[in-house]
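Please read these numbers as outputs of a predicted model, since none were measured by experiment.
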Number of protein chains: 2
Amino acid sequence: MAIARHRAGRERRPTLEQVAERAGVGRGTVSRVINGSPRVSDRTRVAVEAAIADLGYVPHRAARALAGNRADAVALVVPEPETRLFAEPYFAAIIRGVTSELAEADIQLLLTLSSTASERERFAQYAAGNRVDGVLLVSVHGEDPLPELLAENGIPAVMNGRRSADEAFPHVDGDNVGGARAAVRHLLERGARAVATITGSRDMYAAQCRLDGYYAELAASGVDEDEGLVAHGDFSEEGGYRAMYELLGRRPRLDAVFCASDLTAAGARRALREAGRSVPGDVALVGFDDSAIARHMDPPLTSVRQPTEEMGRAMTRALLAEIAGEPAAAPGLILPTELVRRASS
Amino acid sequence: MAIARHRAGRERRPTLEQVAERAGVGRGTVSRVINGSPRVSDRTRVAVEAAIADLGYVPHRAARALAGNRADAVALVVPEPETRLFAEPYFAAIIRGVTSELAEADIQLLLTLSSTASERERFAQYAAGNRVDGVLLVSVHGEDPLPELLAENGIPAVMNGRRSADEAFPHVDGDNVGGARAAVRHLLERGARAVATITGSRDMYAAQCRLDGYYAELAASGVDEDEGLVAHGDFSEEGGYRAMYELLGRRPRLDAVFCASDLTAAGARRALREAGRSVPGDVALVGFDDSAIARHMDPPLTSVRQPTEEMGRAMTRALLAEIAGEPAAAPGLILPTELVRRASS
DNA sequence: TGCCGTGATGGGAGCGCTCCCACTTCGGTG
DNA sequence: CACCGAAGTGGGAGCGCTCCCATCACGGCA
């Protein structure tokens, strides 16, 4: 199971017992000081803290975990096929939010990539084996059994995004509908007459929300729906490319496109260039996610940004609260999005 | 220090003792089976494995760590200012390599972002506190005290990249010189007469190597050096943009540019467009890193790719070997790079 | 003056594992 | 047929903490 290993000759760290001896107190008292118990006199506390500093004492995490029946660690689970996630500023920001919030609570972050369903099941086992106090899930797809597996095992967990409108699992999500509405409103305000959209994968709720937002804003602005202006993509560049041609064929006079992702927009942009349409002259383009691609497209792409770092923080706070046994106020939290205007629109 | 927490009413997992009882053997024997000791008879082994499966037993990590004086975990340290790293496929691939190699050894990966110097010092303390068996370092800058801090504390560590030609700290790096040479050779073979280069940050060894490779290939091809064809950037887009104008001013007739990073190339490309030079018609362009930007530039950028996933694996293997106390063969390992040809050259 | 509550403290009893020593078998040897 | 070593096994002794109960000192109160 584990590999055989010899210990490197690392010097032994001081133990709580040694701190106690040095401070002239008992083990219990030192433990109380370390854990911030109020049942310690100020004089004693000061003495103990001095001893800790003198010895350079650092609590032994494993011993703590074993005695306290906790792990002081949470896992971040990334579906393997989604390692492209790493290539997203979105994800980087989530991690930044998560780590900063965890650092305050002195809790470690475990990174886990799980590809197959069986691997995810194995992970649930792991999690149950007291290895982690809670789990953060990103990029969960509709059929993923992991959330329910974790719930069954009573393991606190929070996920990023939702699988449906009535997601019961604790989650933190960006306001996809609001972001899409802002994007479409922006295009209309710029004077667009025929705003098309290229959707994301239909089995993903975020894609549905972005499409809903598109329809909602058109309705609010009194623009008639035209199914010919809606083409289906899959969040990929290739999908965006194909969908753009489809749209161009059906509605040659379209003058704006709201894309469900930046990658989709990149594909659409390529198709537009091939078709001899300029951006934003002939067709205005807006993406979603505000990824690295958006800034480096030609012209730079207007895109919808989610408050990702804050989402990471919020997820973590929610998870820590759940771990602490605090009753969840609401199953989920939706944070507002922001339109980042660039030259493409 | 840590936050107060109440346990969620999670059911207790079976212990090694219970497995032993069920299999009708002693604790020691079960432990031997779990750890793959050869000193167990086949019959016993089978019985124990059956009991483990029946009970759904999973070893308790903290108990193991405490008793075995190890952590079964390694940390990946990312300098905070470098969270842009996450936005690189480079980094994603490193992580993939690291996790796959660690999974085999059943070792966990801790992700740590450390920004300030004091935080890094604190991390060294942490690491020393038996929290991790080893450390993986990415994106280490020249003045970073962490490697030496870890070495002093006897903590096994491996870093990605080098700080100088005679890096003594264990490391795994890509062949920057070779990659640069391949890029320049490619440009020359395409018929370029005046190959310019935009360098990376001068304080980074990788930038130096790429420049060295540029010179080396020119020399090998019998082309005279021309300092006017070398402009200094800093790996950023803005730097590439400025450097490109500088080059254009000095050597208007240049017909190819080797850029020290894709981002640099993106900046150069923007400058070229403004200056009315076509790519690759007037000027051929090559980048380095093969990041997402490269694929999405217009035209797509030829770039040098490093075997990043393999680098992650290699780092991990080296670290595990060091942890196991195996004497390191060489301080470092350099892996070959590959030129990915696209339309920009 | 005696009694009791309260705040502060010490330390025993584990947490679930690994390490290692002692013990039992058993087949081969002299 | 006694003897010996190797192979296989059981279980005691921790690892460094937390939890919690017992103890103690000290006032205030009757």
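Remark: A:Ser31 pairs with A:Asn35 by the side chain to side chain donor-acceptor pair (under 3.5 Å) rule, at least two apart or across chains. Taking A:Arg32 as the reference, nothing meets the salt bridge (charged side-chain N to carboxylate O under 4.0 Å, His left out) condition, with sequence neighbours excluded. Judged as a side chain to side chain donor-acceptor pair (under 3.5 Å), and not counting sequence neighbours, A:Ser37 has no contacts. Under the salt bridge (charged side-chain N to carboxylate O under 4.0 Å, His left out) criterion, B:Glu326 pairs with no residue at all, not counting sequence neighbours. In this view, B:Glu101 and B:Arg313, B:Arg317 satisfy the salt bridge (charged side-chain N to carboxylate O under 4.0 Å, His left out) rule, not counting sequence neighbours. Under the rule for a side chain to side chain donor-acceptor pair (under 3.5 Å), B:Arg27 has no partner lying at least two apart in sequence or in another chain. Remark: B:Glu21 pairs with no residue by the side chain to side chain contact (heavy atoms under 4.5 Å, CB included) rule, at least two apart or across chains. Under the salt bridge (charged side-chain N to carboxylate O under 4.0 Å, His left out) criterion, A:Glu148 pairs with A:Arg163, sequence neighbours left out.
For B:Arg64 and D:dC17, the CZ to P distance is 21 Å, given to the nearest whole Å. One interatomic measurement links the two molecules: CZ of A:Arg70 to P of C:dG16, which rounds to 15 Å at whole-angstrom precision. Going from atom CZ of B:Arg61 over to atom P of C:dC15 covers 21 Å, rounded to whole Å. If you measure from atom CG of B:Leu66 to atom C1' of D:dG16, you get 6 Å, rounded to the nearest angstrom. One atom, CZ of A:Arg43, and another, P of C:dG7, lie 19 Å apart when rounded to the nearest Å. Atom CG in B:Asn69 sits roughly 12 Å away from atom P in C:dC20 (whole-Å rounding). Going from atom CG of A:Leu16 over to atom C1' of D:dC15 covers 13 Å, rounded to whole Å. If you measure from atom CZ of B:Arg13 to atom P of C:dC15, you get 17 Å, rounded to the nearest angstrom.
Side-chain atoms of B:Val135 and B:Leu137, non-hydrogen and from C-beta on, do get closer than 4.5 Å to each other.
The side chain of A:Asn35 contributes an N or O atom lying less than 4.0 Å from OP1 or OP2 of D:dT18.
Pairs passing the salt bridge (charged side-chain N to carboxylate O under 4.0 Å, His left out) check and including a residue from residues 36-61 of chain B, sequence neighbours excluded, read B:Arg22-B:Asp54, B:Arg61-B:Asp106.
One axis for each end of the helix from C:dT1-D:dA30 to C:dG30-D:dC1, each built from five base pairs, and the angle between them comes to 60° at 10° resolution.
Near DNA chain D, meaning a heavy atom under 4.0 Å from it, residues 50-57 of chain A has A:Tyr57 in order of number.
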Sugar-phosphate atoms are those with a prime plus P, OP1 and OP2; base atoms are the rest. Using that split, label each nucleotide of nucleotides 4-11 of chain D B, S or - for protein heavy atoms under 4.0 Å, 5' to 3'. ----SBBB
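Here the CG-CD1 distance, from B:Leu319 to B:Ile323, works out to 4.0 Å after rounding to the nearest 0.5 Å.
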